[in-house]
2 protein chains.
Amino acid sequence: MTISESGDRRSNRTRYIVLGILARGPASGYDVACAVRDSTGYFWSEGFGQIYPSMKQLAAEGLIRPCNAPVQPNGKAKESRRRKTLFELTPEGEKFLDAWLAEPYQPAVERNEMLLKIFFSARLNADIATRHFMQAIQEAQAAARVLTTLEEELVARLPDPAARFFYEATIRYGQKAAQAQEEWSREMMQGLKGVIKSPKRQ
Amino acid sequence: MTISESGDRRSNRTRYIVLGILARGPASGYDVACAVRDSTGYFWSEGFGQIYPSMKQLAAEGLIRPCNAPVQPNGKAKESRRRKTLFELTPEGEKFLDAWLAEPYQPAVERNEMLLKIFFSARLNADIATRHFMQAIQEAQAAARVLTTLEEELVARLPDPAARFFYEATIRYGQKAAQAQEEWSREMMQGLKGVIKSPKRQ
DNA sequence: GCCATAATATATCTGTTAGATATATAGTCC
DNA sequence: GGACTATATATCTAACAGATATATTATGGC
């Protein structure tokens, strides 16, 4: 199994977030999905369709293994209506994760539908473009609210100062991106008002 | 065939860029791929694997059709070593494109590997996080250079003022995003220096 | 003129992913 | 006890990333 995957056709990325979350403690597939949604969901999406098969593969490869920890009965009975299958990281898994973390990251492949619609907007009237810009503002503001809430919960989530710093770094990124998007949208609406009366239909 | 696809599982997005490019004039599959790469590549990726099957489907649906324009012999002979199969938009295709453009856009699904590595960086030493931040700066600067070049070529590309405005809007977006990324990276490296001496390995 | 090479252009392949659907297990309530 | 509901596991299928394969044509050398 090769550590470097930079030359390959798109390869499985799901396993890294699984490994990263298991590095913080034993978890089931469902736990991983919840952890992704609750802490990294705003910059990394992941679904059951990827998590379960990836965990199965990771187990087959010896990077994670079923956990011998007792299935907790839970203080709150209503949090567990079905027995969990817990997994933990193996030493090999830990090494694998760290090696991947140290490699350069692969830049995202862009596919921004908002910009695609803006790009072709000269075909339509200015009201439609305005609606797209307004949508962009609303989304930026909604994202900023989510990030603010996450930031406020940070201290309780991560007592470790280093982990907190890096988590906060991701939040800060999201906030800057949201701000840039909102500014851009406002700028463009202003420019639209000043220059474009009613773009002619081709 | 339904115009609104907002409630569906991910549906084919390739066809919209195909339709949009054909709205500017007849083109072959290869022409579409080149046009995507040259004018929208920085915010919309598209490969042959999607373009050809989508064009085939669009033709089957009557939204595009083979073009009766004479296969141009080209002024420059070396630009055509194989006969092109040109397609053009049908009136139905044009209506379909315009209806889609007027709908709210679907927000991007995020999957930012840089942030994922940053998120788990407390496991490693600070030099590795610094390398990721430096990579982010270099990428932002490279993107800004590409966008600057595109901006300079704009006047020659699009004589129509409306089309030019919207194209420039997409470029402006990319520039703001690149700037935000660079600022963030510098900020985080600064914070790393001041707070984190050597993050402990867990 | 023939053949090899190279460039343009068309087409397909396969692993990953988005997001939906299906199923299993257990607790609660009437 | 059975219906309902919540947690948890698992699978499905269309879309996509990016690679590979193939077809067609022009060019150059002998």
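Proteins get letters first, then strands, A, B, ... in listed order; numbering begins at 1 in each. Remember, predicted model here, so these are calculated numbers, not experimental data. Scope of the values below: all heavy atoms of this structure, side chains included, with no hydrogens, waters or symmetry mates.
Across the protein-nucleic acid pair, B:Met55 atom CE and C:dT12 atom P stand 14 Å apart, rounded to whole Å. Between the CZ atom of A:Arg15 and the C1' atom of C:dT16 there is a distance of 12 Å, given to the nearest Å. Straight-line distance from the CD1 atom of B:Ile51 to the C1' atom of D:dG18: 12 Å, rounded to whole Å. Atom NZ of B:Lys84 and atom C1' of C:dT8 are 8 Å apart (whole Å). The nearest whole Å value for the distance from the CD atom in A:Gln57 to the C1' atom in C:dG15 is 11 Å. Rounded to whole Å, atom P of D:dA15 lies 10 Å from atom CZ of B:Arg13. If you measure from atom CG of B:Leu86 to atom C1' of C:dT8, you get 14 Å, rounded to the nearest angstrom. Atoms CD (A:Gln50) and C1' (D:dC16) sit 12 Å apart, rounded to a whole Å.
If you run side-chain hydrogen bond (donor to acceptor under 3.5 Å, both in side chains) between B:Lys176 and each of A:Glu183, A:Gln179, A:Gln181, only A:Glu183 comes through.
In this structure, B:Phe48 and B:Tyr30 have parallel ring planes: the angle between them is below the 30° cut-off, well short of the 60° mark.
For B:Arg83 against C:dT8, a side-chain-to-base donor-acceptor contact under 3.5 Å is absent.
Side-chain contact between A:Trp100 and A:Arg15: absent, with no pair of heavy atoms (C-beta onward) separated by less than 4.5 Å.
Taking the nucleotide of DNA chain D with the nearest heavy atom to each of B:Ser54 and B:Phe48, the more 5' of the two is matched to B:Ser54. Nearest-nucleotide assignment on DNA chain C puts the 5′-proximal partner with B:Gly49, out of B:Gly49 and B:Val109.
Sorted by first and then second residue, the pairs that involve residues 123-152 of chain A and meet ring pair (Phe, Tyr, Trp, His ring centres under 6.0 Å), not counting sequence neighbours, are A:Phe133-A:Trp184.
Of the candidate nucleotides D:dT24, C:dT12, D:dT7, D:dT7 has the atom nearest to the side chain of A:Tyr30. When each of D:dT7, C:dT17, D:dT11 is scored by its nearest atom to the side-chain atoms of B:Arg111, the top-ranked nucleotide is C:dT17. Here the side chain of A:Arg82 is nearest to one of C:dA26, C:dA24, D:dG18, namely C:dA24. Considering only side-chain atoms of B:Arg10, the nucleotide from C:dT17, C:dT10, C:dA26 that sits closest is C:dT17. The side chain of A:Pro53 approaches D:dT11 more closely than any other nucleotide in the set D:dT5, D:dT9, D:dT11. Of the candidates D:dC16, C:dT17, C:dA26, C:dT17 carries the atom nearest the A:Asn12 side chain, counting heavy atoms from C-beta on.
Salt bridge B:Glu151/B:Arg172: absent, no basic N to carboxylate O contact under 4.0 Å.
One finds a side-chain N or O of B:Ser45 lying less than 4.0 angstrom from the OP1 or OP2 phosphate oxygen of D:dA17. When the side-chain nitrogen and oxygen atoms of B:Ser11 are compared with OP1 and OP2 of D:dA14, none of them lie within a distance under 4.0 Å. An OP1 or OP2 oxygen of C:dT10 is reached within less than 4.0 angstrom by a side-chain nitrogen or oxygen of B:Ser28.
Annotation: side chain to side chain contact (heavy atoms under 4.5 Å, CB included) contacts of A:Glu182 (sequence neighbours excluded): A:Ile137, A:Ala140, A:Gln141, A:Arg186.
Nucleic acid contact for B:Gly47: none, since no nucleic acid atom lies under 4.0 Å from a heavy atom of the residue.
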